[in-house]
Structures are given as C-alpha cells and as structure tokens.
Amino acid sequence: MDFRKNASAQSDKNPDKEQMKGKSSDRNLAENSSSKTENDHLDKLKEIELHLEKTHVEEHPVDITEEVMQRITSKKRVPKPSWWDNPFWDQLFNPFPVRYAMILFTGVMVGTAFTWFFLAEIGPTDTSRLAGSISSASGQEISYAYQHSSIKMIPYQIGNLYYLNFVINSPNELHLETSFSTTDFKVAKAEFVMTEGSNSSDYNMGSVNFTATGMNSFQLILEKTTDAQAAVTVTAFQNQSVIIKKHLTF
Amino acid sequence: MKNEDDIDKPDKEKLEAAQQSALEDHEIIRKVLKGQVNAYRVLVDKYQRPVYNLLIRMIHDRDEARELTQVVFVKAYEALATVSGDHKFFSWVYRIAVNTALNYLKKQKNNVGIEYLKNVEDEREDTYDEREYQLQYAVNQLKEKYRAVIVLKYYEQLSYKEVAYSLQISEQKVRSRLFDARMQIKEILEKTPYFRTFE
C-alpha cells in the first residue's frame, strides 16, 4: 500500500532530521509516538483487508427451480416490454415540436377543463345548456402553413362555450384578430396558454386581438348568448397583409 | 504489489467462457420472450446458487434468503424483456438480488443484527474461529450500503466494475465506500479482543 510506505518512510526519516536539528528529546518522543499510532492504524487496516480477502465463504446448496417455475407459470404470461418501455415512445416524443405540442395540448385541455369548471360554478352561464358532450365544429378549423410560419386552430364546443385554441409558430410577427357581434357572444376567457417567444393581446368591443412571435398558444373562449346562428371571423395578418381570413358559424 | 486492474482482469480462457455463457443466456432469454417459458428453468438452475449465497451473506437468514431468491428470479422473469444485451444476465440478476436484499434489510433494520448474531452463534462452533466471528460481527454492524460493498467485493469477489454495476454507483464511489467500510470495521473491532490476538 503506497500510503503505508509513505507513512513508514516519514516515520523513519523524521527522527533523524530532528536529531540533526538538535530539537528536544520530548518532541522526538512525541513524533515517534505519533508515527507508531499511525503505523498501528495502518497495520490494523491492512490486517482487516487481508482477513476479508482470506475469509472462507461457505457455499450453501439450494434448489428453488420448481418453486420459481410454479410461481411464474401461475402468472400465465410471457414477459413483454411494457408499452412505455418501448423505444418507439422515446422516439415519438423526442423531437422538440412533438414534445411541445403534446405538452401544449395537455395544458390546453387542463386549462379548458378548469375554465369550464369555474365558469359553470360561478359564471352567468346557463348550466342547463351544458348538457351534452364536447363536439368539434367540423370544417371550421384553420390550418395555415407557409415557409416557416404556421397557424392552427381547431374550434370545439362544450354547451354554449366555444373554444378557439390557436397554435402559432412563426419567426416573424403574426397578428390575429377574432371578431364577433357582442349581441351573439361575450368573451369568457382570452389568454396565452403557453408561450415561447414574444406576444401581446388586447380586447375591444366585439374583437379579440393578439400578436405573437415564436411558438405560442392562445386560447379564446366565447360564450354564446343567443340561440340563433352566429358568426365569428378570424383574420391573420403578417407584415400588414391579410394572409388568412375565415368566417366561422356557430 | 499487484495493480488493482491486474487483479480484476480475468484471463483469456475465463473471459471466453464468460462470453460464451452470456451468449447462451441471451439465447435462452430470447426463447422465453418468444413464449417458451420453460426455458427460463435453465437460467434459474444455473444462477440460483450464487444468488442464494449472496442473499445469505447479505441478510444472514437462510429461510428468508431462500424465499428472497425465489422473489429475485420471479422479478427477473417479469422484467426479462428489459434486460439489455450489453449486460450479462448474471450481473443483471445480481443487481436485482442486491436491491432486493437492501430493501429487505431496510425493512428489518431493527432486528437483523440480533438475528444474525443468533445464527452465527449457532454456527460458530463448526465454522468460525473467534477472530472470524468478530470480523463477521463487525461487518454485520455496518450500514447496509457499506456491508453491501464488503460482501460483493470480498465475499463474492466481484471486480470494482461489477460491484459498481450491482450497486448502481460509480467505481470511484465503490472504492471510497470500501475504504470507509474498512475504517468502520476497524473501529468496531478495536472494541473487541480482535487486535489483541493480532498483537
């Protein structure tokens, strides 16, 4: 053991040095005593190590094969990788946009559920109209992609609440305006749900506007206050130009 | 003094035999995963003894070790699909055994020492001399994580790499724990006649 050698070397060397320097014999005794303690400590450690290495380890026979096989066959199933262990899932969720979209979707759904819950509890919503299931407004979705910019919006309805969830990804600033008649709708919620970039929003009578750069998700919930068919218009602008305009009928 | 790496390095024949054995194990695993459940019997036959003996050394109770050996092989069977081709089945099963033993010890923390002493008392006349008994007593007084490195390194004679894999820690950590474990053993033994015999 190297550290042991060093310790011994030091302990041999130090007393000679002390004598040459003519130090007191008390100090020599103290040094010798300290070296002795150190050597003793190292000897003991070495002895333990050697003893452990030499320890006779008894081998006990055992036969549990039948018990194990019985336990296994009683389960009657061949081990398969669990669906989550499959590398497919790792690959599926690995690309950033997919991961982002999954988290976004989960966030939107949780946010929606909470909004619905609280509006139903304390809002002026006529809860008797909430009977029924979630339904998507087919043919009303917006899907736009050009160069590196994309806008997606799939509207859906729960009772008299209309959810417009926008997912925007654009390196350049996009401006979206959603307009409607205040006699048909009132705004229940309008806010960015997730954002990675810059954004801003504002609300005027009969329109909700937001501006976004980068990846953003904006949720607008409109509460319909009439039984008659009503229209909502979504317009997207980039560089002051209209890039998409869609009339939705609810 | 022999270098640590030299001690750990198996000779060529041993290495080839181990590689061959690992290949055979993976072939059996492949069969089991295809539905030939009975093929698993070969793996249990092959490794039950070392696993059982490791568990005895870790928990010092033969009946419990027997029960836990079964648990280890059932656990291994259930997770068989996750065994990586990069690792030997034996090392993997050892790792399960070590974890199972450590979990068991955590649950039994308060009474295992007494049990162990009782067992050792029963056996000491035939198997242990006085110093052997004192050393085993000291090892048993260590915390589970220190006892595990001592058992794996000295009793199971695993390499540092294998100990590290079994305990899921780095080799550096294994060396550091071994040093601490020996220091603690020394402190315990200093309170016994162990070193008086030595002096």
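Residue numbers start from 1 in every chain, and the chains themselves are labelled A, B, ... in the order their sequence lines are given, proteins ahead of strands. It should be emphasised that the depicted structure is a prediction, and the values quoted were computed from it without experimental measurement. Heavy atoms only: backbone and side chains are in, while hydrogens, waters and symmetry mates are out.
- Within the 4.5 angstrom heavy-atom criterion, no atom of B:Glu156 approaches chain A.
- Residues that satisfy the ring-ring contact (aromatic ring centres under 6.0 Å, His included) test with B:Phe73, not counting sequence neighbours, are absent from this structure.
- Classified by interplanar angle (parallel below 30°, tilted 30° to 60°, perpendicular above 60°), the ring pair A:His51/B:Tyr194 is parallel.
- Between B:Glu132 and A:Thr55, the shortest heavy-atom distance links the atoms OE2-CG2, 3.0 Å.
- To the nearest 0.5 Å, atoms CG (B:Asp45) and CG (A:Asp63) are separated by 6.5 Å.
- Counting all heavy atoms, side chain and backbone alike, B:Asn53 lies closest to A:His60 at OD1-N, 2.6 Å.
- Looking at B:Met183 and A:Lys44, their side chains never come closer than 4.5 Å, going by heavy atoms from C-beta outward.
- Separating the CD1 atom in B:Ile150 from the CG atom in A:Leu52 is a distance of 5.0 Å, to the nearest 0.5 Å.
- Heavy atoms of other residues, nucleotides or ligands lying less than 6.0 angstrom from NZ of B:Lys46 number more than 12.
- In plain terms, the two heavy atoms of B:Gln157 and A:Glu53 that are nearest each other are NE2-O, 4.4 Å.
- In this structure, CG on A:Asp43 lies 10.5 Å from NZ on B:Lys186, to the nearest 0.5 angstrom.
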- Task: Evaluate side-chain contact (heavy atoms from CB on, under 4.5 Å) for A:Thr65 paired with B:Tyr40, printing each intermediate quantity in order.
- Result: CA-CA 9 Å; A:Thr65 310; B:Tyr40 190 63; over 6 Å; no
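- For chain A, no part of B:Leu178 is nearby; none of its heavy atoms comes within less than 4.5 Å.
- In this structure, the portion of B:Val139 lying under 4.5 Å from any heavy atom of chain A is its side chain and not its backbone.
- Looking at B:Leu43, neither its backbone nor its side chain comes within 4.5 Å of chain A, counting heavy atoms on both sides.
- Side chain of B:Gln70 to main chain of A:Val68: no donor-acceptor pair is present (N/O by atom type, distance under 3.5 Å, no hydrogens or angles).
- B:Arg131 has a carboxylate O that lies under 4.0 Å from a charged side-chain N of A:Glu47, or vice versa, which qualifies the two as a salt bridge.
- Taking each heavy atom of B:Arg49 and A:Val62 in turn, the nearest pair found is CA-CG1, 3.9 Å.
- Checked for salt-bridge contact, B:Arg57 and A:Glu59 meet the test: a charged N lies under 4.0 Å from a carboxylate O.
- B:Phe90 is linked by a ring-ring contact (aromatic ring centres under 6.0 Å, His included) to B:Tyr47, B:Tyr94, counting only residues two or more places apart in sequence or in another chain.
- Side-chain contact between A:Leu45 and B:Ile185 is absent, with no heavy atoms from C-beta onward closer than 4.5 Å.
- Using a 4.0 Å cut-off between a side-chain N of Lys or Arg and a carboxylate O of Asp or Glu, A:Arg71 and B:Glu67 qualify as a salt bridge.
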